[in-house]
Amino acid sequence: MASIITENLKFFALFFRSRDVMIFNGLVALGTVGSQELFSVVAFHCPCSPGRNYMYGLAAIGVPALVLFLIGIMLNNHMWNLVAECRKRALKNCSTPATFLLFGSILGRAIVAPVTWSVISLLRGEAYVCARSEFLNPSAFLDFPLGYGPDSMARFSCPDTPRNLIPFKDEVIRRLKYESQFLGWILIAVIACTIFLLKCLQHCCSTLSYHQEAYWAQYRSCEKDLFNRTAEVHAKVLAANNVKQFFGFVSLDKDENEIVSQYPVDEAQPSPQWHEITGVYLYRENKGFPLYSRLHKWAKKIVGNGMDSECKETALLSV
């Protein structure tokens with residue numbers, strides 16, 4: 001029984017590891033939905049004034065989307081790898097299509113949250129109703145009283161609607177929410193079609209087979225996990241050695257003492273080595289053998305872009 005549970009846990013771990021990007025995007029979308037609900041309850045208050053309604057409605061949709069987009073850019077490791085690549089190598093090893101795809105990968109990750117925010121805002125309709133109410137044409141409604149302009153129309157989204165216009169309030173809000181939700185569903189359809197076409201384009205243009213792409217993704221995931229865990233141990237042992245040299249002793253618990261004893265560390269890696277393994281990496285082959293990462297390239301002692309006359313190159317990032 002225990003072995004069956006262990007095998008199942010391993011299966012789920014591998015499943016989620018192989019789909020880490022999809023799961024991350026899903027969590028970002030769910031977090032954005034929750035934030036949007038909280039914003040609608042706590043912070044959204046239509047000003048009910050011509051001119052202000054429109055600006056406030058646009059700001060309620062656009063400003064949080066912009067903030068989420070910038071946060072997505074900042075949290076994307078590819079962005080800072082690209083910055084390091086520009087600073088150290090000026091992207092001289094990247095072709096124009098590869099550079100374009102790198103920017104596309106960064107932007108594609110960053111727009112998940114702002115697009116989710118915009119779609120949910122349109123489906124809820126509150127911001128759209130606030131923004132569009134003042135532009136409604138009173139003559140479009142049957143038996144609508146005369147003499148009412150933008151000042152009155154702007155108050156349809158608020159509790160203090162003029163008394164003789166209250167019978168029209170449900171119809172006005174229903175029509176505006178219809179427009180808002182229609183735009184939301186159109187946006188969802190456009191995004192779904194775009195994602196489908198991009199996935200098709202990715203697999204059609206890739207020089208790698210499906211299985212090799214899967215292996216590349218698994219390799220990058222394993223390398224990242226092992227590198228982070230090893231870096232943590234290395235930093236702890238190096239810090240322990242330096243503290244011991246300063247004080248003459250170092251206070252370690254049992255597990256830390258075993259780590260320091262088991263993994264001796266003399267010096268930190270020099271900066272040139274860190275520069276070699278930092279930056280944007282495109283899949284390349286050297287003499288027919290794949291190079292799956294900058295660390296892989298550094299370990300093989302390959303200088304330059306590592307490309308021969310019959311090399312393959314792709315910027316379709318696996319992680």
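Index from 1, following the sequence. All values reported here derive from a predicted model rather than from experimental measurement. The figures here come from the full heavy-atom set of this structure, side chains too, leaving out hydrogens, waters and symmetry mates.
Between Ala240 and Leu252, the closest heavy-atom pair is CB-CD2, 4.4 Å. The two atoms that bring Ala110 and Pro114 nearest to each other are O-CD, 3.1 Å, heavy atoms only. Of all non-hydrogen atoms in Val190 and Thr194, the two that sit nearest each other are O-OG1, 2.7 Å. Contact record, Ala60 with Ala127: CB-CB, 4.2 Å, taken as the closest heavy-atom pair. Nearest heavy-atom pair, Ile61 versus Ser118, reported as atom, atom and distance to 0.1 Å: CG2-OG, 4.2 Å.
Without hydrogens or angle criteria, Ser221 side chain to Ala217 main chain gives no donor-acceptor distance under 3.5 Å. Between the side chain of Trp117 and the backbone N or O of Val112, no donor-acceptor pair lies under 3.5 Å. In this structure, Glu256 contributes its side chain and Asp253 its backbone to a donor-acceptor pair below 3.5 Å. Between the side chain of Thr278 and the backbone N or O of Trp274, at least one donor-acceptor pair lies under 3.5 Å.
Counting non-hydrogen atoms of neighbouring residues, nucleotides and ligands closer than 6.0 angstrom, the CD atom of Gln273 exceeds 12 such neighbours. Within 6.0 Å of the CZ atom in Phe135, the count of heavy atoms belonging to other residues, nucleotides or ligands exceeds 12. By the 6.0 Å contact criterion, CZ on Phe69 is enclosed, its count of non-hydrogen atoms from other residues, nucleotides or ligands being greater than 12.
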Exercise. List the steps, then state whether side chain to side chain contact (heavy atoms under 4.5 Å, CB included) holds for Leu291 with Lys300.
Key: CA-CA 9 Å; Leu291 300 173; Lys300 293 295 183 181; 4.2 Å; yes
Practice problem: Run the numbers on Gln262 and Ile259 for side chain to side chain contact (heavy atoms under 4.5 Å, CB included), then give the verdict. | Solution: CA-CA 5 Å; Gln262 186 175 359; Ile259 291 175; 5.8 Å; no
Quiz prompt | Full working for side chain to side chain contact (heavy atoms under 4.5 Å, CB included) between Ile277 and Phe227 | solution = CA-CA 11 Å; Ile277 66 171; Phe227 187 91; 3.8 Å; yes
Self-check item: side chain to side chain contact (heavy atoms under 4.5 Å, CB included) evaluation trace for Leu238 with Asp266
Solution: CA-CA 7 Å; Leu238 182 62; Asp266 295 327; over 6 Å; no
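Contact of the Lys244 side chain with the Asn241 side chain is not registered, since no non-hydrogen atoms from C-beta on lie closer than 4.5 Å. Contact annotation: the side chain of Leu176 approaches that of Ser133 to within less than 4.5 Å [non-hydrogen atoms, C-beta and beyond]. In this structure, the side chains of Arg124 and Lys177 stay at 4.5 Å or more apart for every pair of heavy atoms. Side-chain contact between Pro47 and Asn53 is present, with at least one heavy-atom pair separated by less than 4.5 Å. Leu107 is listed as a side-chain neighbour of Ile73, based on a closest heavy-atom distance under 4.5 Å. The closest side-chain heavy-atom distance from Arg220 to Trp216 is below 4.5 Å.
Between the CD atom of Glu223 and the CG atom of Asn228 there is a distance of 10.0 Å, given to the nearest 0.5 Å. In this structure, Ser180 OG and Glu126 CD are separated by 10.0 Å, a value rounded to the nearest 0.5 Å. Atom CD1 in Ile106 sits 10.5 Å away from atom CG in Asn77 (nearest 0.5 Å). Atoms SG and CG, on Cys130 and Leu58 in that order, are 9.5 Å from each other to the nearest 0.5 Å. Note that CZ of Arg52 is 11.5 Å distant from CD of Glu134, once rounded to the nearest 0.5 Å. Note: Leu187 CG to Gln181 CD = 13.5 Å, rounded to the nearest 0.5 Å.
Taking the six-membered ring for Trp and thresholds of 30 and 60 degrees, His296 and Tyr292 have nearly parallel ring planes, at less than 30 degrees apart.
The side-chain contact (heavy atoms from CB on, under 4.5 Å) with Trp185 is formed by just one residue from the set Leu122, Leu123, Val119; it is Leu123.
In this structure, Lys301 forms a cation-pi arrangement with Trp298, its terminal cationic atom sitting closer than 6.0 Å to the ring centre and no more than 45° off the ring axis.
Put simply, Met55 and Leu66 are part of two different groups of oily side chains (I, L, V, M, F, W, Y) that touch within less than 4.5 Å, one to the next. Side-chain heavy atoms closer than 4.5 Å link hydrophobic residues (I, L, V, M, F, W, Y) into clusters, and following such links, even through other members, never connects Val115 to Phe196. Transitive grouping of hydrophobic side chains (ILVMFWY, heavy atoms separated by less than 4.5 Å) brings Val243 and Tyr263 into a common cluster. Linking ILVMFWY residues whenever their side-chain heavy atoms come closer than 4.5 Å, directly or via other members, places Phe246 and Val237 in the same cluster. By the rule that hydrophobic residues join a cluster once side-chain heavy atoms approach within less than 4.5 Å of another member, Tyr54 and Val63 end up as members of separate clusters.
With no hydrogens or angles considered, a side-chain donor-acceptor pair links Arg132 and Tyr128 at under 3.5 Å.
Arg175 has a carboxylate O that lies under 4.0 Å from a charged side-chain N of Glu171, or vice versa, which qualifies the two as a salt bridge. Under 4.0 Å is where a charged nitrogen must lie from a carboxylate oxygen, and between Glu276 and Arg294 no such pair does.
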